[in-house]
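Here's the structure we're looking at; comments come further down.
All chains are named by letter (A, B, ...) in the order of the sequence lines, taking the proteins before the strands, and each is independently numbered beginning at 1. Every heavy atom of this structure was used, including side-chain atoms; hydrogens, water molecules and symmetry mates were not.
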There are 2 protein chains.
Amino acid sequence: MLDIYLLEHLAAFAECGTLSAASEKLHLSQPALSRSMQKLEECLAVKLFTRQKNKLTLTENGTLAAQYAFRILALEQDMITKIRDFDRKNRTISVGCCAPVPLEALMPLLTYQHPEMSITSELNYKQQLLDGLSQGNYQLIVAPEDPKDKDLYALPCGNEQLYISLPPAHPLANYPALYLKDLDSQSFLLYSKIGFWYELCIQKMPHAKFLIQNDRDVFLELVEASALPSFTSDVKIKQGQSRPNRINVLLRDPEASVTYYLVCKKSDKHFFQPIFEKIHDSNLTS
Amino acid sequence: MLDIYLLEHLAAFAECGTLSAASEKLHLSQPALSRSMQKLEECLAVKLFTRQKNKLTLTENGTLAAQYAFRILALEQDMITKIRDFDRKNRTISVGCCAPVPLEALMPLLTYQHPEMSITSELNYKQQLLDGLSQGNYQLIVAPEDPKDKDLYALPCGNEQLYISLPPAHPLANYPALYLKDLDSQSFLLYSKIGFWYELCIQKMPHAKFLIQNDRDVFLELVEASALPSFTSDVKIKQGQSRPNRINVLLRDPEASVTYYLVCKKSDKHFFQPIFEKIHDSNLTS
DNA sequence: TCGGATTACGTGCACCGTAATGATC
DNA sequence: GATCATTACGGTGCACGTAATCCGA
């Protein structure tokens, strides 16, 4: 069998055209390369070069050999990257979530339970979450409803109730509860990374204007400093994140109250069993 | 990059299941293999094995790696054989010939003119010769007529006239000349390796019986010892191969007199120029 | 006790770099 | 003289084998 370094040397020579150029590319001395080429010919027992004292050129054999060399080297490189990718995928848990709130409790839980694995998470929409789960891009997802799929294992893991946060002077601030359609055509401060809530706002308030903020700190400061309505939830309020100069009004739309479901493939159920048990005891939103 | 020997070792282990079995297969010590596997893991920076003190097993990573190893090794093996085949094809001249006689002069000519190349020859029928030439299976053919193809270069290279060799007592032995159809329904001694002459006999004498001999010596001895008619030619007669106890009668059929053409691809004309020149001076049948 | 895996240690080969030579422009 | 390829020579890394150890059936 031919050593891989011989193929690398041949490939370099085929690319560069001269031994000296190739040797520079390979960080190698010219004599070393010269010997490699000789050895390659010897191993294959085939003439690969025409030697004109001062010039080395590939024969037809040589170009054929170089083509093979490229293919083999590419395949080996592919092997390395693919195996590393495969390994990394096996030692990372990818979590997809429909909203940011469940992640806040789920991520610490996972890192605690699987200290040897790295955990990644991203927000995504319902259908993408389910697709990603079945395709293996996610091992665990949090959906805003029960997927009811025979291949999936799902467990309720908490609730979240949307509120509208209004300044006391706002005309709607004294209502005990509202519907989203009551708020249509208003302007809102909206943090961008809120998952499926964003869809809900767009759908229910097609005429509203959303002043979208990508930076969480900027968003909070604007809420503080402006009289613009914004959204919050019972979870956030319980966490004490409601502002004293704001009145939080319940939203009665059925979609404004969500039950989160933690979902994995049935085949992964055993692996995630400890997580499901912990959630059974104390859910992700309490 | 991973050294090829590491892949070979991995492949062997994947096939054998234990280091000791694989080491035996590789004619290698167990420790050497053990180290190879460790090095492979180190190079890939990935766990390939589960180690149970006394048992070494491939992980999923490992089986994936082994699959790649097989592919790479196969590709490399393929490279070696393909290049050697390609080289051999380039340093052999394959000659196809419609009859044995022209070969007797052509082969020495070729070996003399191209001492570095190996020459192979075979008898074949006209169409196969032309197909073989265009497909590269032959570089040079001898056809029984001018192929008249614009991509081919052809030159007459000799003639051969068929004779029927009869014992003096044979009823037809005193004719100055005969046609093949005159001989139909007789029994003949026929040497098998005579190229297109065989076709001719079958066509012109559908009722004749041919006692076919595969061994040249046996054939000649039977000609000597029996009273059965057989075939010969002017070339053979000039060579002094006619038997004293036989009368050779000319065959008048136009097909019984053939002009041979030496043919090559126009693209190879330059390469074979010396051969064509020599033949121009003294042809293959004189 | 045997078979399988790993560790420890010494050795030889093979690949490398430096230096020198040959050859062509 | 500059560039390119090859040969000669000495050094070193590394893959190997032998021997020893550990562990489980």
Side-chain angles (χ1 to χ4, degrees), chain A residues 1-63 65-66 69 72-73 76 80, chain B residues 1-63 65-66 69 72-73 76 80:
Chain A
M1 274 294 187
L2 306 171
D3 249 328
I4 211 77
Y5 79 95
L6 291 175
L7 302 184
E8 283 173 336
H9 292 189
L10 175 64
F13 174 72
E15 279 184 335
C16 299
T18 73
L19 286 185
S20 31
S23 71
E24 204 160 326
K25 173 172 181 158
L26 292 168
H27 308 291
L28 206 69
S29 69
Q30 293 174 13
L33 248 189
S34 178
R35 285 188 298 260
S36 292
M37 300 302 95
Q38 288 167 21
K39 173 155 193 185
L40 202 53
E41 279 185 311
E42 191 192 346
C43 290
L44 284 167
V46 153
K47 282 200 70 177
L48 298 176
F49 308 95
T50 56
R51 295 186 156 75
Q52 304 168 353
K53 284 300 176 194
N54 206 13
K55 178 107 187 107
L56 196 71
T57 335
L58 287 171
T59 62
E60 282 190 79
N61 289 334
T63 53
I72 292 172
L73 293 172
E76 185 160 351
I80 294 173
Chain B
M1 274 294 189
L2 306 171
D3 249 328
I4 211 75
Y5 80 95
L6 291 175
L7 302 184
E8 282 173 337
H9 292 188
L10 176 64
F13 174 73
E15 278 184 336
C16 299
T18 72
L19 285 185
S20 31
S23 71
E24 205 159 326
K25 172 172 181 160
L26 292 168
H27 309 291
L28 206 69
S29 68
Q30 292 174 14
L33 249 189
S34 179
R35 286 189 297 261
S36 292
M37 300 301 96
Q38 289 167 21
K39 173 154 193 185
L40 202 54
E41 279 186 311
E42 191 191 346
C43 290
L44 284 168
V46 153
K47 282 200 71 176
L48 298 175
F49 307 96
T50 55
R51 295 187 155 76
Q52 305 169 353
K53 281 300 174 194
N54 207 11
K55 178 110 188 107
L56 196 70
T57 334
L58 287 170
T59 62
E60 283 189 79
N61 288 335
T63 53
I72 292 172
L73 293 172
E76 184 159 352
I80 293 172

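Listed pair A:Ser34 / D:dT6 meets the phosphate criterion, a side-chain N or O lying under 4.0 Å from OP1 or OP2. Dashed line: the shortest gap from a side-chain N or O of B:Lys55 to OP1 or OP2 of C:dA5 is not under 4.0 Å. Taking only side-chain nitrogens and oxygens, A:Ser36 never comes nearer than 4.0 Å to OP1 or OP2 of C:dC15. Dashed line: the shortest gap from a side-chain N or O of B:Gln52 to OP1 or OP2 of D:dC23 is not under 4.0 Å. Taking 4.0 angstrom as the limit, B:Ser20 places none of its side-chain polar atoms (N or O) nearer than this to OP1 or OP2 of C:dG3.
Between B:Phe13 and B:His9, the ring center distance fails the sub-6.0 Å criterion.
In this entry the distance linking CD of B:Glu42 with P of D:dC14 reads 10 Å, nearest Å. Rounded to whole angstrom, the span from the CD atom of B:Gln38 across to the C1' atom of C:dT7 amounts to 9 Å. The separation between A:Lys53 atom NZ and C:dT21 atom C1' is 11 Å, rounded to whole Å. The distance from atom CG of A:Leu33 to atom C1' of D:dT6 is 13 Å, rounded to the nearest whole Å. The NZ-C1' distance, from B:Lys39 to C:dA5, rounds to 20 Å in whole Å. The distance between atom CG of B:Leu26 and atom C1' of D:dG17, rounded to the nearest whole Å, is 15 Å. One can place CG of B:Asp3 at 14 Å from P of C:dA14, the figure rounded to the nearest angstrom. Taking atom CG on A:Leu58 and atom P on D:dA5, their separation rounds to 12 Å, with Å as the unit.
Mapping A:Gln30 and B:Leu19 onto DNA chain C by nearest heavy atom places B:Leu19 at the nucleotide closer to the 5' end. Mapping B:Phe13 and A:His27 onto DNA chain C via the closest heavy atom, the residue that lands nearer the 5' end is B:Phe13.
Distance from the side chain of A:Arg35 is smallest to D:dC9 among D:dA15, D:dC9, C:dT6. The listed nucleotides are D:dA5, D:dG17, C:dA5; the one nearest the side chain of B:Leu56 is C:dA5. Listed nucleotides C:dG17, D:dC16, D:dA15 differ in distance to B:Ala32; the shortest reach to its side chain belongs to D:dC16. Comparing C:dT18, D:dC16, C:dA8 by their closest approach to the side chain of A:Pro31 singles out C:dT18. Checking C:dG3, D:dG17, D:dT7 against every side-chain atom of B:Asn54, the shortest atom distance belongs to C:dG3.
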Step-by-step side-chain contact (heavy atoms from CB on, under 4.5 Å) determination, A:Ile80 to B:Leu44: CA-CA 7 Å; A:Ile80 294 173; B:Leu44 284 168; 4.0 Å; yes
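Across all strands shown, A:Arg51 has heavy atoms under 4.0 Å from sugar-phosphate atoms exclusively, and none from any base. Using a 4.0 Å heavy-atom criterion, one finds that A:Thr18 contacts the sugar-phosphate atoms exclusively. Within 4.0 Å (heavy atoms only), B:Leu28 reaches sugar-phosphate atoms of the nucleic acid but no base atom.
Rounded to the nearest 0.5 angstrom, A:Thr50 OG1 and A:Leu58 CG are separated by 8.0 Å.
Considering every non-hydrogen atom in both A:Ala69 and A:Leu10, the closest pair reads CB-CD2, 4.2 Å.
Counting heavy atoms from C-beta on, the side chains of B:Lys55 and B:Phe49 never come closer than 4.5 Å.
Salt-bridge annotation for B:Arg51 and B:Glu41: present, with a side-chain N of the basic residue lying under 4.0 Å from a carboxylate O of the acidic one.
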